[in-house]
Amino acid sequence: MDVNFQNREISCLSPALREIQNSEQTQEIKLTEGMPDVGRIVSAWGQPILRGKEWGTDTLNYTGGMMVWVLYAPEDGSPERCVEGWIPFQLRWDIPEELPEGQIRLRLLPRVVDARSVSPRKILVRAGMAVSAEAFVPTHIPVPELEETPDGVELLRRTYPVRLMKEAGEKSFVLDEELAMPDSAPRPEQIIYYCVEPKVSDRKVLSEKVVFRGNANLHTLYRGEDAQLHSWDFDLPFSQYAELSGEYGPEAQADFALCPTSMELELDDGGHLRFKCGVTSQYCVTDREQLSVVEDAYSPNRDLTIQTQTLELPAILENRRETAYAQGNLQVNTAADLRFLPDFPKQKYRDSGVALELPGVFQSLSYGEDGSLGAATVRWDGSMNLNADENTILTAVPTPVAVQASAGSVKAELPLELTAAAKQQIPVVTGLTLGEERRPDPSRPCLILRRVGGESLWQIAKAAHSTTAAIREANGLQNEPAPGQLLLIPVV
């Protein structure tokens, strides 16, 4: 007799792509009329911008670019000037054509921006960015279930708490702020460059909504009324929510990747600043699924054939934050500007776990003893060891960095958001075939005395043609027997 199992579908998102691309572009920028000729390039900066992302037939596509600023010392000896430009980027990732359309999550980091003069009126800018792309597709996993236990059959039922990605989406919003410099800071007269790093500090899934708040760190370099360059940081708070397609319980979690989509900082004649920035917050929601399955079966008094398979679930194992500390030898006299540009960590699997390689670049702009502006960069290569095996997929994302300068060195605190994922394999019974009842062996004892080794109670009962309930009752057990314990085993 065949015992059929019914399938219950679990819906989730499965990762189809996790890949980082590094790309570089160059572009000439012409000086506008009225600007003095280039004498010396001082420094250059950039801000990656997300304009669009698209799920194609067999590709994922990113469109956007880099806002760039180049500071140069004019040939005529007048104060430094800044020119702005836009360098477009287009990136593509190949995906299997048969995949259903899913969700894309992108993260953008500036890797390098430098410039050189090709003539007194032209500047060649090289910009490089790193783009991390993740793609998730809807997946439906059938889980075999058996509601009623057939007579004379013992079932090993187990429940696994598995965290799965349930949905992904995005919420776009605009920051529009009037900014006020403190009285202690020199009044701005000219904006040199600016960049923004939005981050989420608090997030919560509330049934059919995800609520999040954080701040965007706006870093500015400007020329003050004292004719010197100064940097200043503004923290711009935001609070948002997004409607979800599903309804979730108290164990649901969300994580975010935020990208600027537009940016503008204006300075009026009165020295007042107005900042406007578009932000796309890309979120993923995970929730814990209690997966109840039948892992094994036997019958003490009849033949039983079982059909099995292994379920593979794209489980999220852990989300946590780690902090690395970067340091470089960089002589900074009077710092006008100081930044640390982290790159996406690289991973190397070793016997002891995973080694994260943490590259980054310190970038400074400072005044020398003669009052001239000079720029310097120093590369930092750090590392961090994590406990993980080759079956674990780690995603490590650097978040906004705090930089400090001391005598002869610069330091940065580099927070990393870590996600560990893996294909969790769960053995399940998918069908049973009951055979004929076995006739009792007259010579078989009805009671066995046995010392426990490393077996579980289920394994002991199955091998002895008994039941776990009968053994528990005969020995007064509440839990698993201890190794070396003597058990009375009734044979059914």
Side-chain angles (χ1 to χ4, degrees), residues 22 24 41-49 66-72 80 82-85 87 107-115 125-130 185 188 191-199 215-224 228-236 258-260 263 265 275 277 323-345 358-368 373-382 397-416:
N22 297 326
E24 287 189 1
I41 300 296
V42 178
S43 191
W45 304 271
Q47 169 74 54
I49 296 292
M66 184 93 80
M67 297 174 64
V68 294
W69 297 264
V70 179
L71 185 68
Y72 74 93
E80 297 84 7
C82 187
V83 293
E84 301 179 19
I87 301 180
R107 293 181 173 94
L108 317 177
L109 289 179
R111 299 186 73 242
V112 61
V113 182
D114 56 33
V125 183
R126 178 176 68 104
M129 71 163 69
I191 300 298
I192 304 300
Y193 91 95
Y194 53 97
C195 61
V196 68
E197 292 178 322
K199 68 175 182 178
N215 68 79
N217 176 261
L218 172 64
H219 179 77
T220 62
L221 179 69
Y222 68 94
R223 188 183 306 280
Q228 299 291 298
L229 298 186
H230 305 272
S231 60
W232 195 265
D233 287 70
F234 299 90
D235 281 329
L236 311 178
L258 275 60
C259 290
M263 210 170 61
L265 180 63
F275 179 65
C277 176
T323 301
Y325 297 91
Q327 184 170 347
N329 295 322
L330 189 62
Q331 190 66 44
V332 178
N333 295 322
T334 305
D337 189 52
L338 187 60
R339 291 187 67 195
F340 179 72
L341 303 180
D343 204 344
F344 288 109
L358 306 171
V361 174
F362 286 97
Q363 186 179 31
S364 75
L365 182 68
S366 62
Y367 286 98
L373 268 176
T377 61
V378 61
R379 183 175 176 82
W380 174 75
D381 290 293
V397 180
T399 58
V401 178
V403 187
Q404 293 181 339
S406 57
S409 68
V410 284
K411 299 178 181 179
E413 183 177 292
L414 177 60
L416 295 168

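As the structure is a prediction and not an experimental result, all values here were calculated from the model.
Taking both residues in full, the closest heavy atoms of C259 and L108 are given as SG-CG, 4.0 Å, listed atom of the first, atom of the second, then distance. Closest non-hydrogen pair, H230 versus G224, comes out as CD2-N, 4.1 Å. Closest of all the heavy-atom pairs between G128 and M66 is O-CE, 3.4 Å. Across all their heavy atoms, P345 and P359 have their closest contact at CA-CD, 4.4 Å. Residue C195 comes nearest to M263 through the heavy atom pair CA-CE, 4.3 Å, listed as atom of the first residue, atom of the second, then distance. In this structure, P260 and V196 approach most closely via the heavy-atom pair CG-CG1, 3.8 Å.
In this structure, S43 contributes its side chain and L71 its backbone to no donor-acceptor pair below 3.5 Å. Of the possible donor and acceptor atoms, none in the side chain of Y194 sits under 3.5 Å from a partner among the backbone N and O of Y222. Looking at Q228, its side chain never comes within 3.5 Å of a backbone N or O of A336 through a donor-acceptor pair.
Annotation: side chain of K411 is not in contact with side chain of F340 (no heavy-atom distance under 4.5 Å). The closest side-chain heavy-atom distance from K199 to N215 is below 4.5 Å. Counting only heavy atoms from C-beta outward, the side chains of L373 and Y367 approach each other to under 4.5 Å.
Between R107 atom CZ and L258 atom CG the span is 9.5 Å, to the nearest 0.5 Å. Interatomic distance, CG of L414 versus OH of Y325, reported as 10.0 Å (0.5 Å rounding). Going from atom CG of D343 over to atom CZ of R111 covers 4.5 Å, rounded to the nearest 0.5 Å. Separation of atoms CG (N22) and CE (M129) is listed at 11.0 Å; rounding is to 0.5 Å. Rounded to the nearest 0.5 angstrom, F362 CZ and L338 CG are separated by 7.5 Å. Between T399 atom OG1 and L416 atom CG the span is 7.0 Å, to the nearest 0.5 Å.
Remark: R126 pairs with E24, T26, V112, D114 by the side-chain contact (heavy atoms from CB on, under 4.5 Å) rule, at least two apart or across chains. Residues passing the side-chain contact (heavy atoms from CB on, under 4.5 Å) test with D337, sequence neighbours excluded: W45, Y193, H219, L221, S231, R339, L365.
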Pair N217-D235, side chain to side chain contact (heavy atoms under 4.5 Å, CB included): steps then yes or no: CA-CA 5 Å; N217 176 261; D235 281 329; 3.2 Å; yes
Chi angles and distances behind the side chain to side chain contact (heavy atoms under 4.5 Å, CB included) call for L109, L341: CA-CA 8 Å; L109 289 179; L341 303 180; over 6 Å; no
Q327 vs V410, side chain to side chain contact (heavy atoms under 4.5 Å, CB included): CA-CA, chis, key distance, verdict: CA-CA 6 Å; Q327 184 170 347; V410 284; over 6 Å; no
Verdict with reasoning, W380 to V361, per side chain to side chain contact (heavy atoms under 4.5 Å, CB included): CA-CA 6 Å; W380 174 75; V361 174; over 6 Å; no
